[in-house]
Chemist: 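There's a structure below that I have some questions on.
Below, each value reflects all heavy atoms present in this structure, side chains not excepted, and no hydrogens, waters or symmetry copies.
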Amino acid sequence: MGLYDRDYIRDDNQPGFFLGAQRSMVTTLILINVGVFVIDAFLEDHSLSDFLAVKREVLREPWNLWQLVTAGFAHGNFWHLFWNMFGLWMFGTDVEIVYGRKEFLRIYLTMIVVSSLVWVLAANTVREASAMYGASGAVVGVTVLYILHYPNRQLCMWGIFCLPAWVWGTIFIAQDLFGVSHRGDNVAHEAHLAGAAFGAIYYYTGWNLGRWIPSRFSLGALKPRPKLRVHQPDRETTLSDQVDRILEKISREGEASLTAQERRTLEDASRRYQQRRR
C-alpha cells in the first residue's frame, strides 16, 4: 500500500469556499455563532434570534424551512452560547480530526436539521412551545460521536470528578430522557436526543455524507481548480509521516517510550482507518 493510499491520510483540510487555509471547522462555526450573538445583542429585543429561530408551524409553511438550519446559530443569552460553544470546542475538535473539515461540517449541519425537525414534531404533538433556537442538538450529537470514538478517555468536571467518557455520556442522555418525561423546564430535550441518536446512527452505519452529494454541488466545486497541483512535501507534515516516525521509535525504543501526544496520534490514525473501511 502506497503512502497516500492509506485511508486515514485522505485529509481534506485545504483552502476552499469560506474555509480558511489553517482554521479548523470547529473554530469557524464558533466564530459564526459568536458573530450572530454579537449582532443580535445590538438589535432591539433580540430580533435576529427570533428571526432565525425555528417555529412550530414551519412544516405548514415550507417557504420557511430554512429555519431548520438557522435555528442552530442563534442563542438566547451569553451562557446559552458559552456552554454550547465550549462543548463544540471540547468534543468537536477531536471529531473533526477523525472525519475532516468538510465531512464534519456536513455532520454538524445535518444534526442541526434533524434536531430542529424532531423538536417541531414534538412541539406540534406533546410539547407546548412556539419557537426554538440553539446549537445544543448538534453539540450533543458531536459529543456522542466523540464518546463512541473515545469511550474510555477520562473527562474531568471542574478538574475534580473524573470519569470515562462513556459514563458522562450515559449521564447526559439520562438527564435528557428525564427532561422529556417530566417537562419541568424550557430546554429542548427532544432536540438533544435527536442529535444524540443521529450521532450514534452515523457512527454505527459508517455513513459518509459527502458521498450523497453530487460533485457539482460540493463546496470544492465552488472554488477554481488549478490546472497544475504542486506538491510541496517540505511545507507539510502529514499524519502518515508522523505515524511512520512513531513506528520507528517503537521499533528502536519500545512502546513504553511513547509520549501521550504520540499515543494520541496513533489512536487518531487508527480511528480514521477504521472509519474509511466501514
Side-chain angles (χ1 to χ4, degrees), residues 7-16 18-35 37 72-73 75 80-112 115 134-159 162-169 172 192 195-196 198-200 202-203 207-210 219 236-240 242-243 246 259-276:
D7 289 326
Y8 54 77
I9 206 61
R10 296 171 191 165
D11 200 352
D12 58 6
N13 292 347
Q14 301 294 331
F18 80 78
L19 308 178
Q22 303 299 329
R23 184 185 304 152
S24 72
M25 182 54 64
V26 167
T27 300
T28 298
L29 290 170
I30 290 174
L31 289 174
I32 293 173
N33 278 273
V34 171
F37 182 81
F73 293 91
H75 294 83
H80 188 200
L81 172 72
F82 175 82
W83 289 116
N84 276 336
M85 295 303 99
F86 177 77
L88 177 59
W89 167 78
M90 182 173 182
F91 301 110
T93 302
D94 281 333
V95 174
E96 182 180 341
I97 289 174
V98 174
Y99 296 106
R101 296 196 321 178
K102 293 178 183 178
E103 181 67 2
F104 180 83
L105 176 62
R106 289 187 283 262
I107 293 170
Y108 187 82
L109 294 179
T110 303
M111 285 176 173
I112 288 178
S115 58
S136 303
V139 172
V140 171
V142 169
T143 302
V144 166
L145 274 177
Y146 173 93
I147 292 170
L148 290 172
H149 278 286
Y150 310 106
N152 295 315
R153 277 192 182 174
Q154 293 289 312
L155 300 179
C156 299
M157 184 72 71
W158 310 120
C162 297
L163 295 170
W166 71 267
V167 176
W168 285 118
F172 296 153
H192 294 183
F198 182 87
Y202 181 92
Y203 176 84
W207 284 342
N208 184 319
L209 300 179
L219 292 180
E236 61 182 7
T237 301
T238 66
L239 178 59
S240 182
Q242 297 176 45
V243 170
I246 294 171
T259 65
Q261 180 60 43
E262 289 169 336
R263 292 180 185 277
R264 182 176 174 181
T265 298
L266 286 178
E267 187 179 39
D268 289 337
S270 176
R271 297 292 183 186
R272 285 197 181 194
Y273 180 72
Q274 293 172 17
Q275 279 298 125
R276 299 292 187 180

Chemist: Measure across Val144 and Gly199 and return the closest heavy-atom pair with its distance rounded to 0.1 Å.
Modeler: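 Heavy atoms only, the tightest pair is CG1-C, 4.3 Å.
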Chemist: Go through the steps for Ile30 and Trp89 under the test side chain to side chain contact (heavy atoms under 4.5 Å, CB included), then give the verdict.
Modeler: CA-CA 8 Å; Ile30 290 174; Trp89 167 78; 3.8 Å; yes
Chemist: Any heavy-atom pair between the side chains of Ile107 and Leu145 that's under 4.5 Å?
Modeler: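 Heavy-atom side-chain distance check passes, below 4.5 Å.
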Chemist: Can a donor-acceptor pair be found, under 3.5 Å and without considering hydrogens, that links the side chain of Thr27 to the backbone of Arg23?
Modeler: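 Flag not set: sc Thr27 to bb Arg23 has no pair under 3.5 Å.
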Chemist: Between Trp168 (side chain only) and Leu155 (backbone N and O only), is there a donor and an acceptor less than 3.5 Å apart?
Modeler: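 Looks like yes, one N/O pair under 3.5 Å.
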Chemist: Roughly how far, to the nearest 0.5 Å, is the OG1 atom of Thr143 from the CZ atom of Phe91?
Modeler: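 The distance works out to 5.0 Å.
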Chemist: So Tyr150 and Tyr146, would you call those rings parallel, tilted or perpendicular, with 30° and 60° as cut-offs?
Modeler: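 Tilted.
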Chemist: State, to 0.1 Å, how close Ala196 and Val140 come at their nearest heavy-atom pair, and which atoms those are.
Modeler: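 Minimum heavy-atom separation between Ala196 and Val140: CB-CG1, 3.9 Å.
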Chemist: Got Leu88 and Glu96 here, is their nearest side-chain heavy-atom distance under 4.5 Å?
Modeler: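 Leu88 does not reach Glu96 side chain to side chain.
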Chemist: Are any non-hydrogen side-chain atoms of Met25 and Lys102 less than 4.5 angstrom apart?
Modeler: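 The answer is no; the side chains never approach within 4.5 Å.
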Chemist: Parallel, tilted or perpendicular: which one describes the rings of Phe86 and Phe82, with boundaries at 30° and 60°?
Modeler: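 Geometry flag for Phe82 against Phe86: parallel rings.
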Chemist: Might you work through the side chain to side chain contact (heavy atoms under 4.5 Å, CB included) test for Phe73 and Ile112, ending with a clear yes or no?
Modeler: CA-CA 9 Å; Phe73 293 91; Ile112 288 178; 3.9 Å; yes
Chemist: State, to 0.1 Å, how close Leu209 and Glu103 come at their nearest heavy-atom pair, and which atoms those are.
Modeler: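 Taking Leu209 first and Glu103 second, the nearest heavy atoms are N-OE2, 2.7 Å.
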Chemist: Would you call Leu29 and Tyr108 a side-chain contact if the rule is heavy atoms closer than 4.5 Å?
Modeler: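 In contact.
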Chemist: Look only at the side chain of Thr93 and the backbone of Met90, and say whether a donor-acceptor pair between them is shorter than 3.5 Å.
Modeler: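 No; zero donor-acceptor contacts below 3.5 Å.
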Chemist: If you measure only the distance, is there a donor-acceptor pair under 3.5 Å linking the side chains of Asn208 and Tyr202?
Modeler: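 Absent: no donor and acceptor within the cut-off.
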Chemist: Is any side-chain heavy atom of Val142 closer than 4.5 Å to one of Val26?
Modeler: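 Of all side-chain heavy-atom pairs linking Val142 with Val26, none is under 4.5 Å.
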Chemist: So, Asp94 and His149: side-chain donor and acceptor under 3.5 Å apart, yes or no?
Modeler: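 No, because no side-chain N or O of Asp94 sits under 3.5 Å from a partner of the opposite role on His149.
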Chemist: Roughly how far, to the nearest 0.5 Å, is the OG atom of Ser115 from the NE2 atom of His192?
Modeler: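 Reported to 0.5 Å precision, the distance equals 8.5 Å.
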Chemist: Search all heavy atoms of Ala165 against all heavy atoms of Ile147 and return the closest pair with its distance.
Modeler: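 So the two residues come closest at O-CD1, 3.6 Å.
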Chemist: Kindly indicate whether the side chain of Phe104, heavy atoms from C-beta on, has any atom under 4.5 Å from the side chain of Ile97.
Modeler: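 Sidechains of Ile97 and Phe104: no contact.
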Chemist: Looking at every heavy atom in both His75 and Ala135, which two are closest together, and how far apart are they?
Modeler: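 That closest heavy-atom pairing would be NE2-N, 3.3 Å.
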